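Lettering follows sequence order; numbering is per chain, from 1. All values below come from the heavy atoms of this structure, side chains included, with hydrogens, waters and symmetry mates left out. All values derive from a computational prediction rather than experimental measurement.
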Protein chains: 2
Amino acid sequence: MTDTIAKRCEESGLRMTGQRRTIADVLDQCRDHPDVEELHARAAARDPRISIATVYRTVKLFEEEGILEKVDFGDGRARYEDAERAHHDHLIDMTTGRVIEFVDPEIEALQEKIAEKLGYTLKGHRMELYGIPRKTHESRGD
Amino acid sequence: MTDTIAKRCEESGLRMTGQRRTIADVLDQCRDHPDVEELHARAAARDPRISIATVYRTVKLFEEEGILEKVDFGDGRARYEDAERAHHDHLIDMTTGRVIEFVDPEIEALQEKIAEKLGYTLKGHRMELYGIPRKTHESRGD
DNA sequence: GTATGTGCAAAGCTTTTGCACCCGC
DNA sequence: GCGGGTGCAAAAGCTTTGCACATAC
């Protein structure tokens, strides 16, 4: 149901160079949230000529085309994810750094309601939950 | 119900230098969300000898003591706010950059429920809404 | 008096950019 | 072929840090 990133690039009329195709492919295969340096490492594994400057330029371009979305986990590095995948928020496991994606329609609705109450039309939001794995039942002393 | 920042610094056993006191006072008087450079400008207006390095060191120290909380509006600059003030989230006016603080108990409860459903105990969260002012002439009942 | 804080400037990190060369269309 | 893309390295922002000096307790 979701087109590849490369396909959407072509539909946007972007010139598809070898580097852009490689970066698009790498992004398609991401199941995690790599930062730009990591993205560059993965792209360079396929084509060592790709420079990090190109990766920066490319993700910014894709973002401007609405193909990617920038996310920020507060660690000072930019991350990008496929904008076309269903919208979701993030829960970050504070013990491992693992990122869990989730969608909650109630939250979405509530956010819209809050914005409206404050006199605004909601255009976007960012929400991250930070948590630790719940003790299932062996615990004493929470 | 809220002590001044300077008072909390003393209670934390921090050595209170002139610079720290000035920075604490500036923070107490903030009704907005200045970045570190702006904080330095306000502090330097009272004591021109304060360097920006000291401001950076001081806000980080206060954060480690739990007196301040770092917030990030995605513009690449760090901002800090009083951690003891009642918890709130932010709505950012996309047309002006103005930041509106709000609290919504429903959201808080929902977030906790979501974390729990995913097997986590919620330890913190970050939520920013981005919106544009709503046209008022068609609104009813505000 | 001593441990700690501070100013200055240099360095660190992530990201951007100028410029000469390269490539998709 | 031409206009835009790329690599390299330098530069730009924000933040941190080494070092010599200053200051709180």
Would you be so kind as to tabulate the donor-acceptor pairs closer than 3.5 Å made by side chains of residues 107-114 of chain B, with sequence neighbours excluded?
residue: B:E108; atom: OE2; partner: B:H87; partner atom: NE2; Å: 3.4
residue: B:Q111; atom: OE1; partner: B:H125; partner atom: ND1; Å: 3.1

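- Taking only side-chain nitrogens and oxygens, A:R21 never comes nearer than 4.0 Å to OP1 or OP2 of C:dG24.
- Protein atom CD of B:E38 is 13 Å distant from nucleotide atom P of D:dC14, rounded to whole Å.
- At C:dT15, one or more side-chain N or O atoms of A:Y56 fall inside 4.0 Å of OP1 or OP2 (strictly under the cut-off).
- The residue among A:A53 and B:D75 whose nearest nucleotide of DNA chain D lies closer to the 5′ end is A:A53.
- Residue contacts shown for A:R15 include a base, since a base heavy atom lies under 4.0 Å away.
- Distance, B:F62 CZ to C:dG5 P: 11 Å, rounded to whole Å.
- For the pair B:R57 CZ and D:dT23 P, the computed distance is 15 Å after rounding to whole Å.
- To the nearest angstrom, P of D:dT6 lies 11 Å from CG of A:D47.
- Nucleic acid contact class of B:I52 (heavy atoms, under 4.0 Å, all strands): none.
- At a threshold of 4.0 Å, the pair B:D93-B:R98 does not count as salt-bridged, since none of the basic side-chain nitrogens sits closer than that to a carboxylate oxygen.
- Between C:dG5 and B:R20, a contact under 4.0 Å exists linking OP1 or OP2 to a side-chain N or O.
- Projected onto DNA chain D by closest heavy-atom contact, A:T58 and B:A78 fall at different nucleotides, the more 5' of which corresponds to A:T58.
- Checking side-chain atoms of B:R21 against main-chain N and O of B:A6 turns up no donor-acceptor pair under 3.5 Å.
- The side chain of A:R49 lies closest to C:dC23, out of D:dT6, C:dA9, C:dC23.
- For A:K60 and C:dT14, the NZ to P distance is 17 Å, given to the nearest whole Å.
- Between B:Q19 and the phosphate of D:dT23, there is no side-chain N or O to OP1/OP2 separation shorter than 4.0 Å.
- One interatomic measurement links the two molecules: CZ of B:F73 to P of D:dC14, which rounds to 16 Å at whole-angstrom precision.
- Looking only at side-chain heavy atoms (C-beta outward), B:I100 and A:Y120 come within less than 4.5 Å of each other.
- Remark: side-chain polar atoms of A:R79 are paired, donor with acceptor, to backbone N or O of A:H33 under 3.5 angstrom.
- Between B:Y80 atom OH and D:dC14 atom C1' there is a gap of 11 Å when expressed in whole angstrom units.
- At D:dT6, one or more side-chain N or O atoms of A:T17 fall inside 4.0 Å of OP1 or OP2 (strictly under the cut-off).
- Rounding to whole angstrom units, CZ of residue B:R77 and C1' of C:dT15 are separated by 14 Å.
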